[in-house]
Amino acid sequence: MVAYPISLYFSSIGPRPVLSMANAPERYNPREQEPFWQKTWAENQTFVTNNEDARPPYYVLEMFPYPSGRIHMGHVRNYTMGDVVARFQRAKGKNVLHPMGWDAFGMPAENAAMANKVHPRAWTYENIASMRKQLQSMGFSLDWSREFATCDEDYYHRQQMLFIDFLAAGLVTRKTSKVNWDPVDQTVLANEQVIDGRGWRSGALVEQRELTQWFFKISDYAEELLSAIDGLNDWPDKVRLMQRNWIGRSEGLRVLFEFASGDAGAKSVEVFTTRPDTLFGASFVALSPDHPIAAHLAEDDPALAEFIAECRRMGTSAEAIETAEKKGYLTPLTVKHPVIDGATLPVYVANFVLMDYGTGAIFGCPAHDQRDLDFARKYDLPVIPVVLPPEGDADEFAIGTEAYTGPGVAFNSSFLDGMDVEAAKAAIAEYLETKKIDGKPQAARQVNFRLRDWGISRQRYWGCPIPVIHCDTCGIVPVPKDQLPVRLPEDVEFDTPGNPLDRHPRFKHVDCPTCGSKARRETDTMDTFVDSSWYFARFTAPHAETPTIPEMADKWLPVDQYIGGIEHAILHLLYSRFFARAMQKTGHMEVTEPFKGLFTQGMVTHETYRDADGNWVAPADIVFDTINGDRTARSATGEPVSIGSVEKMSKSKKNVVDPDDMIAAYGADTARWFVLSDSPPERDVQWTEAGIEGAWRFVQRVYKLVSEASDILALDPLTVEAEDPRSIDMLKIAHRTTAQIDTDLAGLRFNRAVAQIYELANAIQKFMPVVAQAPSMANLGALRVAIERLVQFTAPMMPHLAETCWRFLAHDTMVCDTPWPAADESYLVDDTVVLAVQVNGKRRGEIEIPKDAPNAQAEAAALSLEAVARILEGNAPRKVIVVPNRIVNIVA
RNA sequence: GCGGGCGUGGCGGAACUGGUAGACGCGCCAGACUCAAAAUCUGGUUCUGGAAACAGAGUGUCGGUUCGAUUCCGACCGCCCGCACCA
């Protein structure tokens with residue numbers, strides 16, 4: 001049979017399309033239909049959002065992609081979910097904003113420049129062009145008129161304006177911080193470029209190096225960012241918890257320890273502790289390798305200097321520091337124990353003490369802190385338990401290999417004995433606050449945050465230039481707004497590592513905007529997290545001369561539904577929350593929380609394959625056989641291939657499926673349906689060939705169902721109305737499905753909505769022969785309701801197929817413009833309910849009784865069951881529990 | 001190392017707030033249609049025993065709370081995400 005393109009039959013979306021099922025192709029052809037509808041939507045500007053539209057606004061946003069060059073299945077899944085939300089809300093009568101852009105600055109463009117001699121700009125925009133094409137072939141309801149890339153001059157220009165405003169508002173500061181330094185390549189490395197302590201290109205041992213850098217003062221907002229989490233009710237609890245822990249508010253005590261011996265270059269050292277109640281169990285003091293006292297000691301102690309140097313070769317990531325073996329260097333210093341007269345404690349320099357948390361010095365109480373305990377066991381220090389667990393015995397309680405960190409009462413602790421942990425903390429604080437060392441109180445209570453200021457300086461080319469000039473006379477001078485943007489120069493070389501801006505004379509050497517004397521332009525660019533911290537606001541007025549138009553930002557923000565990967569749960573979301581506050585402070589909008597609803601989706605995974613030599617093999621190059629019931633794989637050339645574990649799709653393991661291939665083979669709708677089916681959206685989904693084929697079959701099934709239904713609906717209705725309860729059953733299912741899908745889509749439980757749609761399709765399929773045989777008004781009416789709803793429910797997920805089907809049902813409008821159907825409550829209630837009957841919690845039968853029947857009736861019906869009587873053996877039940885309309889449990 | 005999460009048939013998963021475990025899909029088995037195959041349709045499908053009725057077991061492991069636990073609590077095992085310069 002010749003597959004005529006349906007577009008021949010529906011050559012316009014005008015008011016009178018020609019409908020003829022007689023000539024329609026038997027199978028749905030996405031290659032014809034998908035481009036047709038995409039073109040139709042584009043020509044009609046169906047998804048272009050008007051800011052002035054009177055309908056209630058709804059802003060749905062997916063985390064924008066990095067333009068790596070190809071979309072991957074993770075993108076397909078993420079953007080399909082967002083599109084379902086957008087199309088669903090649109091059908092619900094909202095004015096939906098659903099934009100797309102590109103997170104386009106970043107390291108890969110510079111790496112490509114070094115590897116392939118291609119300019120980062122050219123590389124990036126080429127990637128954007130091909131990815132845009134790919135996304136467009138998916139049929140997403142995006143407003144492409146608002147598209148931008150963060151590397152667009154327009155965008156980074158406005159970002160520089162924001163920086164200048166933040167600087168004026170006191171939200172920016174400069175201070176030193178450590179970076180990974182590659183001594184061979186003479187360049188700063190990202191954490192991911194440090195592999196086992198060595199630079200990824202040079203292989204040289206990485207050193208920590210101090211640089212003066214730009215920071216956003218996010219820590220000023222620590223308390224506010226923490227407390228506002230309580231209001232983020234539409235965020236996953238796990239993300240809220242992660243953010244709380246990241247901010248890490250802790251109440252503790254700063255305690256001065258006076259030196260007893262040795263030359264520290266100071267009279268005392270200040271430590272921060274959250275467990276001052278364990279002070280009587282202290283057995284050492286440890287300083288960060290970056291502590292000034294450690295530096296002072298190292299001046300005359302080459303061994304210590306070497307130890308500190310060794311610590312600095314660990315790289316700067318917390319992960320590297322904390323997973324390294326705990327090591328300490330015993331200094332000649334001792335300190336006086338603050339609460340035990342005459343006692344002294346040794347002072348170590350230890351690799352696990354961080355300079356930028358607390359005071360850079362700690363006291364160790366090994367009995368009640370695991371890290372301290374490991375350290376004490378290693379260096380043979382005393383372990384004195386001072387907190388007794390509830391029901392513990394003070395004479396017998398001892399610490400083995402595990403520290404006790406739970407609740408209890410103080411003991412071995414002089415005047416604290418008998419107090420619980422909280423009371424002991426208060427008592428010791430009160431005591432030390434009144435004592436003086438060197439004229440200062442020995443302790444002060446302090447609220448401390450783990451959250452550090454946000455370092456935004458990057459010594460790289462492909463980022464937003466920080467718009468300031470360093471003048472020897474005037475100091476730091478912001479570039480005047482009328483001289484913005486500070487443009488990235490085009491003529492740069494990537495032959496040598498390091499920052500091309502720093503060796504670019506015309507960029508670097510400028511005159512001071514204030515005094516006109518020779519000055520230096522800042523050559524650091526901004527962290528790409530800055531770019532992604534306000535793009536959601538820019539989408540509300542993407543062409544404005546200013547960063548935002550405040551009325552537009554306030555109209556749309558916060559984003560009603562934000563969707564992206566869990567890997568962004570902390571940094572990106574926290575930075576964006578900070579940015580919203582900073583933008584409010586500087587008058588760019590009123591909203592302080594950028595994302596009202598947040599959804600974090602899981603990854604797309606796939607089996608891995610390796611050939612006999614252990615090389616990874618791509619799924620596209622594999623043929624599967626079933627031998628003795630076992631699934632085996634071989635390469636296209638017949639070589640055996642072993643099937644490995646299921647892992648996140650990654651280029652390195654070649655277990656990737658190219659969305660383009662899927663779209664070419666099955667069409668966008670099938671790919672969309674597959675990524676929504678089965679797996680709950682927050683969980684990882686495994687891509688399987690069987691799964692995609694199942695989705696393809698359902699596409700064809702819907703098409704066939706609708707075309708058959710449209711034939712039946714064209715029958716002449718019987719003039720005599722036959723009473724048919726089956727039409728009522730059909731309507732009940734249709735309305736029940738309506739109610740369920742509404743809840744499921746609103747809650748982003750796409751997999752459940754998919755299951756509902758399958759059930760509706762199954763029911764329609766069974767009902768159609770009934771209608772064909774008895775085409776009464778009631779039956780025809782029920783079929784029309786059911787089949788139209790089936791098409792409407794599939795529309796957000798498979799929009800092209802749904803539009804085609806909608807035409808078959810004699811509509812001359814588009815389904816994407818059709819209001820969402822409502823469930824009729826009267827079809828949702830049943831007169832009777834089926835209750836399970838349990839004996840001792842085990843299901844033994846069921847009873848059907850009227851809904852809301854009295855408990856006594858349920859009990860009587862349950863006891864009259866034969867299976868129940870058999871188990872009771874004539875004995876009276878000890879107890880009967882009736883949960884109305886749910887269950888009866890008999891305790892024998 | 002620290003913080004967070006996940007674990008249910010052969011497979012993906014469902015189960016509202018502690019109330020019938022396995023909806024729906026995939027796969028498989030049987031049947032229909034076909035010269036045949038594909039496609040499609042119908043039925044079956046947690047495991048063990050049994051012809052069946054039915055009985056027993058069962059939601060990573062071990063234990064606890066409860067009339068009743070996939071759901072709550074504790075310990076453990078495995079996998080995943082983040083850890084501030086990947087995006």
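Each chain gets a letter, A, B and so on, in the order its sequence line appears, and its residues count up from 1.
A glycosidic torsion no more than 90° from 0 defines the syn conformation; B:G12 lies beyond that range and is anti.
Within the shown strands, B:C77 is the pairing partner of B:G7 under the Watson-Crick or G-U definition, both distances less than 3.5 Å. With a cut-off of 3.5 Å on both pairing distances, B:U34 has no Watson-Crick or G-U wobble partner at all.
Relative orientation of the A:Tyr404 and A:His368 rings is perpendicular, given thresholds of 30° and 60° on the angle between their planes. The aromatic rings of A:Phe579 and A:Phe216 lie perpendicular to each other, with more than 60° between the two planes, well past the 30° mark. Taking the six-membered ring where tryptophan is involved, the planes of A:Tyr575 and A:Phe529 are perpendicular, since the angle between them exceeds 60° and thus also 30°.
Comparing atom distances between the A:Val883 side chain and each of B:G19, B:C81, B:G43 picks out B:G19 as nearest.
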Nucleotide N/O to protein N/O under 3.5 Å, stretch nucleotides 20-29 of chain B:
unit_1 : atom_1 : unit_2   : atom_2 : d
B:U20  : O2     : A:Arg843 : NE     : 2.7
B:U20  : O2     : A:Arg843 : NH2    : 3.1
B:A23  : O2'    : A:Glu759 : OE2    : 3.2
B:G25  : OP1    : A:Asn762 : ND2    : 3.2
B:G27  : OP1    : A:Arg697 : NH2    : 3.2
B:G27  : OP2    : A:Arg697 : NH2    : 3.1

Give each protein N/O atom lying under 3.5 Å from an N/O atom of nucleotides 57-62 of chain B, with the pair distance.
none

Between the protein and nucleotides 85-87 of chain B, list the N/O to N/O atom pairs that are separated by less than 3.5 angstrom.
unit_1 : atom_1 : unit_2   : atom_2 : d
B:C85  : OP2    : A:Arg458 : NH2    : 2.9
B:C85  : O4'    : A:Arg458 : NE     : 3.2
B:C85  : O4'    : A:Arg458 : NH2    : 3.2
B:C85  : O3'    : A:Asn191 : N      : 3.4
B:C85  : O2'    : A:Asn191 : N      : 2.7
B:C85  : O2     : A:Arg460 : NH2    : 2.1
B:C85  : N4     : A:Gln213 : NE2    : 3.4
B:C85  : N4     : A:Ser457 : O      : 3.4
B:C85  : N4     : A:Gln459 : OE1    : 3.0
B:C86  : OP2    : A:Asn191 : N      : 3.4
B:C86  : OP2    : A:Glu192 : N      : 3.1
B:C86  : O4'    : A:Glu192 : OE1    : 3.1
B:C86  : O4'    : A:Glu192 : OE2    : 3.3
B:A87  : OP1    : A:Met107 : N      : 3.0
B:A87  : OP2    : A:Thr528 : OG1    : 3.4
B:A87  : O3'    : A:Asp103 : OD2    : 2.9

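The shortest heavy-atom contact between A:Glu325 and A:Asn351 is O-ND2, 2.8 Å. For the pair A:Val206 and A:Gly199, the tightest heavy-atom approach, listed with the atom from each and the gap, is CG2-N, 3.5 Å.
At a threshold of 4.0 angstrom between heavy atoms, the contacts of A:Lys326 with the nucleic acid are absent.
Atoms CZ (A:Arg683) and P (B:C81) sit 16 Å apart, rounded to a whole Å. Remark: P of B:G68 and NZ of A:Lys879 are 9 Å apart, rounded to the nearest angstrom. B:C80 atom P lies 14 Å from atom CD of A:Glu319, rounded to whole Å. At whole-Å resolution of the value, CD in A:Gln765 and C1' in B:U42 are 11 Å apart. The separation between A:Leu241 atom CG and B:G4 atom C1' is 7 Å, rounded to whole Å. Atom CG of A:Leu573 and atom P of B:A84 are 17 Å apart (whole Å). If you take CZ of A:Arg371 and P of B:C2, they are 9 Å apart, rounded to a whole angstrom. Rounded to an integer number of Å, the gap from A:Asn840 CG to B:U66 C1' is 13 Å.
Taking 4.0 Å as the cut-off between side-chain N and carboxylate O, A:Asp453 and A:Lys217 do not count as a salt-bridged pair.
Residues A:Ser317 and A:Asn191 have side chains that never bring a donor and an acceptor to within less than 3.5 angstrom of each other.
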